[in-house]
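Just the heavy atoms: all of them, side chains too, but no hydrogens, waters or symmetry mates, feed the values below. The first residue of the sequence shown is numbered 1, and numbering continues consecutively from there.
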Amino acid sequence: MTTLETSTPLTVESSGQPARRAASPGRVAFRQFLRSPSGVCGACLLIVIILGTAIGPVVYPVDPLDLVGGPFTPPSADAWLGTDYLGRDVLAGLIYGGRASLAVGAVAALITIAIGLTVGALAGFFGGAIDTALVKITEFFQILPPLLFAMVLVTLFGQKLTTITLAIGAVSWTSAARLTRAEFMRLRNLDFVKASRAAGAGDAYLMLRVLLPNALPPVIVSATLAIGVAILFEGGLSFLGLGDPNTMRWGLMLGQNRNYVLDAWWAVIFPGTAIFLAVLSISLVGDGVNDAINPRLRRRM
């Protein structure tokens with residue numbers, strides 16, 4: 001009588017190799033970001049700018065409002081990037097002005113995205129009369145000249161940095177709102193949303209836990225670009241003389257020295273270059289983030 005031999009099932013342990021855990025979406029996106037040359041270059045440039053404004057006062061301890069020499073002193077050992085029309089150190093102005101400009105840009109972008117997310121999510125999720133009303137409000141703000149509207153707000157409520165930041169956020173949220181509305185309208189009728197609703201999920205849960213995480217990728221890209229737009233916006237307001245003159249900013253340096261560009265080019269070129277490099281680095285980071293979280297672009301990489 002023959003006996004049947006049972007074959008040993010193949011297991012993960014028999015192969016001698018442990019099972020690999022699936023990488024988290026955040027880790028996958030970070031790896032894809034590192035494969036984007038423009039994103040990596042932008043991130044490195046942005047890190048250099050942030051570190052320069054953070055540790056600059058330690059390396060170069062000069063008050064940007066102090067008169068360190070004569071007006072229009074060329075770059076020298078005493079003033080590395082020269083002095084402006086009053087004799088203030090240009091490099092010190094770049095360091096301290098970068099702090100204010102970057103801070104205003106980041107906070108204004110957060111306000112922009114917060115308002116845009118709220119308005120767009122409510123309009124795209126509920127639809128109907130709520131959608132119509134919020135779209136009309138968005139269109140009203142969209143047809144207003146943003147710079148002129150911000151100038152009016154700053155003139156009425158004061159020229160402090162907080163007022164400028166709130167004014168920039170109040171006039172720049174329409175694009176984020178329209179983008180979020182479109183994403184919520186696209187997602188709200190998909191099967192996984194219907195399944196969550198059938199399981200008893202309420203409106204707040206659906207909006208915050210189901211729809212919002214799936215609508216965030218394009219909004220994140222928009223948020224990175226909004227920082228650069230806010231920096232340009234703040235630079236434009238400061239260039240026009242709207243803001244606290246006792247708080248150094250890149251746009252303020254440009255505005256105060258624009259009439260003396262032929263006498264002291266360094267007082268205009270260096271602040272303008274700082275704004276250009278900051279906005280460029282943020283734009284490159286935004287492109288890298290888009291490449292990392294966009295599924296269509298990810299398949300091509």
Side-chain angles (χ1 to χ4, degrees), residues 41-109 150-151 154 158-165 167-168 227-284:
C41 291
C44 293
L45 179 58
L46 183 59
I47 291 173
V48 170
I49 294 174
I50 294 175
L51 288 178
T53 58
I55 66 176
V58 179
V59 180
Y60 198 76
V62 178
D63 192 311
L65 300 178
D66 286 346
L67 304 181
V68 298
F72 308 139
T73 301
S76 62
D78 297 328
W80 293 359
L81 297 183
T83 62
D84 64 1
Y85 76 108
L86 290 178
R88 298 174 301 189
D89 194 283
V90 173
L91 178 56
L94 290 179
I95 294 172
Y96 286 90
R99 288 182 167 187
S101 297
L102 293 176
V104 170
V107 176
M151 291 172 61
V154 173
Q159 299 184 2
K160 297 181 179 179
L161 280 183
T162 53
T163 306
I164 293 176
T165 304
I168 295 174
I227 300 175
V229 173
I231 291 175
L232 285 176
F233 220 123
E234 189 278 329
L237 292 174
S238 299
F239 181 84
L240 296 175
L242 295 175
D244 186 1
N246 295 320
T247 302
M248 191 60 66
R249 299 178 307 284
W250 291 335
L252 181 64
M253 297 175 67
L254 277 175
Q256 291 180 338
N257 294 281
R258 65 182 183 274
N259 295 326
Y260 312 104
V261 62
L262 298 180
D263 299 316
W265 58 265
W266 52 86
V268 177
I269 295 298
F270 290 132
T273 303
I275 295 176
F276 169 75
L277 292 178
V279 176
L280 175 64
S281 64
I282 294 171
S283 178
L284 292 177

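With sequence neighbours left out, D244 forms a side chain to side chain donor-acceptor pair (under 3.5 Å) with T247. Legend: residues meeting side chain to side chain contact (heavy atoms under 4.5 Å, CB included) with Y96, ordered by chain and number and at least two apart, are P57, P64, R99. Checked against side chain to side chain donor-acceptor pair (under 3.5 Å), Y60 has the following partners two or more places apart in sequence or in another chain: D89. Taking the side chain to side chain contact (heavy atoms under 4.5 Å, CB included) definition, one finds that L45 meets it with I49, L277, S281, sequence neighbours left out. Applying the ring pair (Phe, Tyr, Trp, His ring centres under 6.0 Å) test to F72 and every residue at least two apart in sequence or in another chain returns Y260.
Atoms CD1 and CZ, from I275 and F270 in turn, are 14.0 Å apart once rounded to the nearest 0.5 Å. Between the CG atom of L81 and the CG atom of L91 there is a distance of 4.5 Å, given to the nearest 0.5 Å. Once rounded to the nearest 0.5 Å, the distance linking CG of N257 with CD1 of I269 reads 11.5 Å. Remark: L46 CG to L280 CG distance equals 10.5 Å, nearest 0.5 Å. Taken to the nearest 0.5 Å, the CZ atom of R88 stands 10.0 Å off from the OG1 atom of T83.
M253 has its side chain out of reach of D84: every pair of non-hydrogen atoms, C-beta onward, lies at least 4.5 Å apart. Residues I164 and L242 fail the side-chain proximity criterion, which asks for heavy atoms closer than 4.5 Å.
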(request) Begin with the C-alpha distance, continue with both residues' side-chain angles, and end with the deciding distance and a verdict on side-chain contact (heavy atoms from CB on, under 4.5 Å) for D78 and V68. (result) CA-CA 8 Å; D78 297 328; V68 298; over 6 Å; no
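For the residue pair F239 and R258, the shortest heavy atom distance occurs at CZ-CD, 3.3 Å. Counting all heavy atoms, side chain and backbone alike, L284 lies closest to G42 at CB-CA, 3.7 Å. Between A278 and W250, the closest heavy-atom pair is CB-CZ3, 3.9 Å. In this structure, P271 and L94 approach most closely via the heavy-atom pair CA-CD2, 3.6 Å. Shown here for A100 and L161, the closest heavy-atom pair between the two residues is CB-CD1, 4.2 Å. The shortest heavy-atom contact between L237 and M151 is CD2-CG, 3.7 Å.
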Pair up each side-chain donor or acceptor in residues 228-235 with any protein partner under 3.5 Å, not counting sequence neighbours, and list the distances.
unit_1	atom_1	unit_2	atom_2	d
E234	OE1	S101	OG	3.4
E234	OE2	S238	OG	2.6
E234	OE2	R249	NE	2.8

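Of the possible donor and acceptor atoms, none in the side chain of T163 sits under 3.5 Å from a partner among the backbone N and O of Q159.
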